[in-house]
Amino acid sequence: RDILSEYTVRCKAAANLVFRNMAKILNLQEEHLVNMIGENSITQAIFNYYPQCPRPDHVLGLKAHTDGSIITVNFADAEGLQLQRNGVWYNVPIVPNALIMNVGDIMEILSNGFFKSLVHRVVTNAEKERLSLVLVYTLELETELEPVSDLVDDKRPARYMKIKLHDYMEKYHDTYATGTLAIDGVKI
Ligand SMILES: O=C(O)CCC(=O)C(=O)O
Ligand SMILES: [Fe+2]
């Protein structure tokens, strides 16, 4: 428990570094996202265990989805994670001592679509079991989600409707079950 606690504190520092750089890319004040997220941030730690599977051609470890997070930080002990780009699946390599970070739905909404939530999945492996520790950075469920006002103007109107995170997560779980993407349901 102590190790996990220390790990989350250290990853928060890494996540904040990413939020500062994302803010810069968006031409916002460097601390804009850190401050905004800091006020009501929640971190969830999820362990995923994928046993060896004799039929990887028939069985997925985790089906295609985006994360309902701001960003997700993933530490895995083997390959298996795949990301989708332009309809093609790519393996995410394991780089020693490196973490995998991906943008989630909340960041796509906050950034008014500048950053896109990553479609990803996990494939199974006949020879190896696999373990991943996923840190999901999210917000209090009462948070009203909408694009950052500085990123909305006449030239680039809001591309996502305002929605309470609680209601968004309900859509998220429903669409996860049906295999569609919740983010598509809040686009204007
Ligand atoms: O196991 C992994 O590497 C990814 C897990 C994942 O995508 C998730 O928990 O949302
Ligand atoms: Fe995921």
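What you see below is based on every heavy atom in this structure, not just the backbone, and it leaves out hydrogens, waters and symmetry mates. As the structure lists them, so they are numbered: ligands from 1, and atoms in each ligand from 1. Numbering starts at 1 and runs along the sequence shown. Being a predicted model, the structure only gives us computed values, none of them experimental.
For the pair OD1 of D67 and NE2 of H65, the angle at the Fe ion (ligand 2) is about 90°; rounding is to 10 degrees.
Between F19 and Y137, the ring planes are perpendicular. Angles over 60° get that label, and only those under 30° would be called parallel.
Within a 6.0 Å radius of CD in Q29, other residues, nucleotides and ligands contribute 12 heavy atoms or fewer.
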*Would you please test L26 and D150 for side chain to side chain contact (heavy atoms under 4.5 Å, CB included) and show each step?*
CA-CA 9 Å; L26 294 169; D150 302 31; over 6 Å; no

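Side-chain contact between H120 and Q82: absent, with no pair of heavy atoms (C-beta onward) separated by less than 4.5 Å. Residues M22 and L33 form a side-chain contact, since some pair of their non-hydrogen atoms from C-beta on lies under 4.5 Å apart.
Screening E142, E170, E144 for a side-chain hydrogen bond (donor to acceptor under 3.5 Å, both in side chains) with K164, the sole residue that qualifies is E142.
Closest to the Fe ion (ligand 2) among the N, O or S atoms of H120 is NE2.
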For each nitrogen or oxygen atom of ligand 1, which protein N/O atoms lie closer than 3.5 Å, and how far apart are they, rounded to 0.1 Å?
{"residue": "ligand 1", "atom": "1 (O)", "partner": "Y50", "partner atom": "OH", "Å": "2.6"}
{"residue": "ligand 1", "atom": "1 (O)", "partner": "R130", "partner atom": "NH1", "Å": "3.0"}
{"residue": "ligand 1", "atom": "1 (O)", "partner": "S132", "partner atom": "OG", "Å": "2.7"}
{"residue": "ligand 1", "atom": "3 (O)", "partner": "N74", "partner atom": "ND2", "Å": "2.8"}
{"residue": "ligand 1", "atom": "3 (O)", "partner": "R130", "partner atom": "NH1", "Å": "3.3"}
{"residue": "ligand 1", "atom": "3 (O)", "partner": "R130", "partner atom": "NH2", "Å": "2.8"}
{"residue": "ligand 1", "atom": "7 (O)", "partner": "H65", "partner atom": "NE2", "Å": "3.1"}
{"residue": "ligand 1", "atom": "7 (O)", "partner": "H120", "partner atom": "NE2", "Å": "3.0"}
{"residue": "ligand 1", "atom": "9 (O)", "partner": "N48", "partner atom": "ND2", "Å": "3.3"}
{"residue": "ligand 1", "atom": "10 (O)", "partner": "H65", "partner atom": "NE2", "Å": "3.1"}
{"residue": "ligand 1", "atom": "10 (O)", "partner": "D67", "partner atom": "OD1", "Å": "3.1"}

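With hydrogens and angles left out, the side-chain atoms of Y172 and D105 include no donor and acceptor closer than 3.5 Å.
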